[in-house]
Amino acid sequence: MMVEKDHAGKLGQSPVKVMTECRACGGRKLERVLDLGEQPLANSFLPGRDLERELEEELFFPLEVHSCAGCGLLQLIHVVSPEVLFRDYIYVSTTSDTLQRHFADMARQLTDLHGLGPRSLVVEIASNDGLLLKKFRDIGVRGIGVEPAVNIAAMAREAGLEVVNEFFSSNVAASVRSTHGPADLIVGNNVFAHVNDLADFLGGIERLLGPEGGISLEFPYVRDLIEHREYDTIYHEHLSYFSVAVVAKLFARHGLVVRDVERVPIHGGSIRVHGKKAGSSGRESDRLRRLLAEEEEMGLNTLEFQRGFAGEVESTKAKLLSLLRGLKAEGKRIVGYGAPAKGNTQLNYCGIGVDILDYTVDKSPLKQGKLTPGMHLRVHPAEKLLEDRPDHVLIIAWNFADEIMSQQRAYRDRGGRFIIPIPEPRIV
Ligand code: ZN
């Protein structure tokens, strides 16, 4: 590993490291597959209070996806310090109805699967504002969260949840175990892809887990990313884009075993991997074997397959820009819907700024009034759509398109039109 000095910024020390080894297998042959350019951090919204200073201090980092010749893992090699990325984090899961349902279902499923009860201990890594832990509490299962973001951990504590305000690591795992005993279930939703030191992370899970305890990790599936051209799910926080094959090998290296895997539609296509300790009871499921065989057959972990994806991303960008510019040429007013982190990859990669979108709207009060990183669109409350009635709305948060369009029926009934940008830009 080496430190790149070009991006020292104004933080006094470099917030970015450049990896020279694969984080899954340690292989040294990494090839660049997709270059999304220099991008700001996807969650670094500008407060917009002292704009001149904020623009001057805004940091940009290379966003490049590389493929490991050893194991096929698609990964970022520019690693922004987690202290910069996650200590003050504005993603709050409870703002979405879809996620409320998703986590309620997950708590029930995992409780049944692992036979959890009032005496069981669930540890959730990256517990966010405590949505899943609340769902466990609703059905009588005790849970502890580990959450590094100071502001969001505080929100969970206000809701009466127990939260360790740290990044999960082997040391944190040992400390939780000595205080609370071994875990019957360790859950991590949308955290595994964020982890740079996978050995320490998986080592911590192995250490904290009881002999028959379960692991449930959910993260975006690289197959969905590629098949549906979801390049906007690539941003500095997501260091790894996992296949089932890569995860299975990685687990095995750390005394763990994958037993089952489910495909779930959340975040544009994710997988939920169910694991246990190596040598525990149970066996691997048929659908795990089937998914591994499918990956092998399609060549998911090969450079050739991954390169085809990069070409499709470039073509999607060209089509979207041509659609938006055509509408502007006709004198149409366009605004955005959503200010998700992923939206900023798309806006910055395509160069969609205030010359195309007047502003964007979002339901999260934490984002309202701020400016999106890089492209600097002002974020307004969703109610503004109906007052303002622009001609078109680009659904930046395209994975919630159905929910958004049904909530905004009144806007649509008065003649408003929606644009869905991915996988193929289209007006609906
Ligand atoms: Zn590798």
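All ligand and atom numbering here is 1-based and tracks the order in the structure.
- Taking the side chain as every heavy atom from C-beta outward, Val313 and Tyr349 approach each other to under 4.5 Å.
- In this structure, the side chains of His380 and Gln368 stay at 4.5 Å or more apart for every pair of heavy atoms.
- For Gln109, the CD atom counts as densely surrounded, since its 6.0 Å shell holds more than 12 non-hydrogen atoms of other residues, nucleotides or ligands.
- Listed by first and then second residue, the salt bridge (charged side-chain N to carboxylate O under 4.0 Å, His left out) pairs that reach into residues 205-219 are Glu206-Lys277, Glu212-Lys276, Glu218-Arg272, sequence neighbours excluded.
- Partners of Met375 by side-chain contact (heavy atoms from CB on, under 4.5 Å), not counting sequence neighbours, listed by chain and number: Leu347, Asn348, Thr372.
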Donor-acceptor contacts, no H, no angles, side chain residues 183-190, under 3.5 Å, sequence neighbours left out:
| from | atom 1 | to | atom 2 | distance (Å) |
| --- | --- | --- | --- | --- |
| Asp184 | OD2 | Leu121 | N | 2.8 |
| Asn190 | ND2 | His267 | NE2 | 3.2 |

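- Taking a cut-off of 2.8 Å, the protein N, O or S atoms nearer than that to the Zn ion (ligand 1) are Cys22 SG, Cys25 SG, Cys68 SG, Cys71 SG.
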